[in-house]
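Step one of this worksheet: look at the structure below.
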Amino acid sequence: NAGVTQTPKFQVLKTGQSMTLQCAQDMNHEYMSWYRQDPGMGLRLIHYSVGAGITDQGEVPNGYNVSRSTTEDFPLRLLSAAPSQTSVYFCASSYSGSFVNEQFFGPGTRLTVL
Amino acid sequence: DQQVKQNSPSLSVQEGRISILNCDYTNSMFDYFLWYKKYPAEGPTFLISISSIKDKNEDGRFTVFLNKSAKHLSLHIVPSQPGDSAVYFCAASTYRISSGSARQLTFGSGTQLTVLP
C-alpha cells in the first residue's frame with residue numbers, strides 16, 4: 001500500500017512550456033484534489049474530483065487542467081507555465097468528498113518556472 | 001482575504017513544556033476543523049480534528065479547543081517533544097455551495113513549531 005504517490009519530485013520549466021504532474025493513489029479513494037503551497041499562503045485548492053469522470057474547480061484553478069479517467073489517477077496539467085506557478089504542489093485523496101474525513105497527502109512536487 | 005489565519009509564523013518551546021498553537025477563522029459556515037502536521041520534504045499528515053458541535057477533543061498528548069463565539073481554535077501539545085518540531089496547519093471544512101455535496105478544506109498559513117531539547 002503506497003498511499004498517495006506523486007511524480008516528479010522536482011521540475012524546472014521555462015515560461016510557456018507545458019507539463020503534467022502525476023498523482024496516483026492505491027486506497028480506492030473517491031475524492032482526490034490538488035493543492036499548491038506558497039510561502040505565507042498555506043495550501044490552496046486548485047482542482048478536485050469526487051470520482052472518476054467528475055472534476056471541479058477549487059480556489060485557484062486558472063492555468064491548470066485536470067481529468068479523472070480512473071479512480072487511481074488524477075493528473076494536473078499546466079498548459080503554458082508562468083513564473084507565478086512556481087510552487088510546491090500536493091495531491092491528496094480521501095475516502096469521500098461528502099463527509100469530513102482525513103485527507104492523505106502525497107510528498108509533493110516542487111516546481112520552478114523560469 | 002484569508003478565511004483561516006495563523007498569526008504566529010513560528011513558536012519555540014522547551015521540551016516537556018506545553019505548546020499552544022492558535023488559529024482564527026472568519027467564515028461562520030465552517031463546521032469542522034482539522035490540524036495537520038508537516039515535516040520538510042513530506043506532505044501534510046492529519047493530526048486531530050473537532051466538530052463545531054464540540055468545544056474540546058483529545059488524542060493522547062494533543063488537545064484541540066474550539067471557541068465558536070470567538071471563531072478561534074487552538075492546539076495544545078503536552079508534553080512537547082523534539083519530534084513534534086514541524087509546521088502545523090490549521091484547516092477548516094465546509095460544503096462549497098457550487099460543488100454540490102463535496103466538502104472543501106481551507107488552510108491557514110502554518111506555524112513552525114520548534115521544540116528545544
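Reminder, nothing fancy here: chain letters follow the sequence lines and each chain counts from 1.
Taken together through direct or relayed side-chain contacts under 4.5 Å among Ile, Leu, Val, Met, Phe, Trp and Tyr, B:F89 and B:W35 form parts of separate hydrophobic clusters. Under a hydrophobic-cluster definition in which Ile, Leu, Val, Met, Phe, Trp and Tyr are linked whenever side-chain heavy atoms come within less than 4.5 Å, directly or via other members, A:L76 and A:L13 are assigned to the same cluster. Cluster membership check: A:F90 does not share its hydrophobic cluster with A:V113, using side-chain heavy-atom separations under 4.5 Å among Ile, Leu, Val, Met, Phe, Trp and Tyr. Follow the hydrophobic side-chain contacts under 4.5 Å out from A:L78 and you never reach A:Y48; the two are in separate clusters. Connection of B:L21 to B:I50 is established within a shared hydrophobic cluster, with ILVMFWY side chains joined at heavy-atom distances below 4.5 Å, either directly or through further cluster members.
Per-residue counts of heavy-atom pairs under 4.5 Å with chain A were compared for B:P44, B:A91, B:G43; the largest is that of B:P44. By number of non-hydrogen pairs under 4.5 angstrom with chain B, the leading residue of A:L43, A:V4, A:D38 is A:L43.
Within residues 108-117 of chain B, the residues that have a heavy atom under 4.5 Å from a heavy atom of chain A are B:G108, B:S109, listed by number.
Heavy atoms from other residues, nucleotides or ligands lying under 6.0 Å from CZ of B:R17 number 12 at most. Counting non-hydrogen atoms of neighbouring residues, nucleotides and ligands closer than 6.0 angstrom, the CE atom of A:M27 exceeds 12 such neighbours. The neighbour count for A:R110 CZ, taken as heavy atoms of other residues, nucleotides or ligands under 6.0 Å away, does not exceed 12.
Proximity to chain B is limited to the side chain of A:Y31, based on heavy atoms less than 4.5 angstrom apart. With a 4.5 angstrom heavy-atom cutoff, B:Q6 does not touch chain A via any of its atoms.
Side-chain atoms of B:L105 and A:Y35, non-hydrogen and from C-beta on, do get closer than 4.5 Å to each other. B:F107 is not listed as a side-chain neighbour of A:Q37, based on a closest heavy-atom distance of 4.5 Å or more.
Taking CZ from B:F46 and CZ from A:F105, the interatomic distance works out to 11.5 Å, rounded to the nearest 0.5 Å. From B:Q104, atom CD reaches atom CG of A:D56 across 7.5 Å, with rounding to the nearest 0.5 Å.
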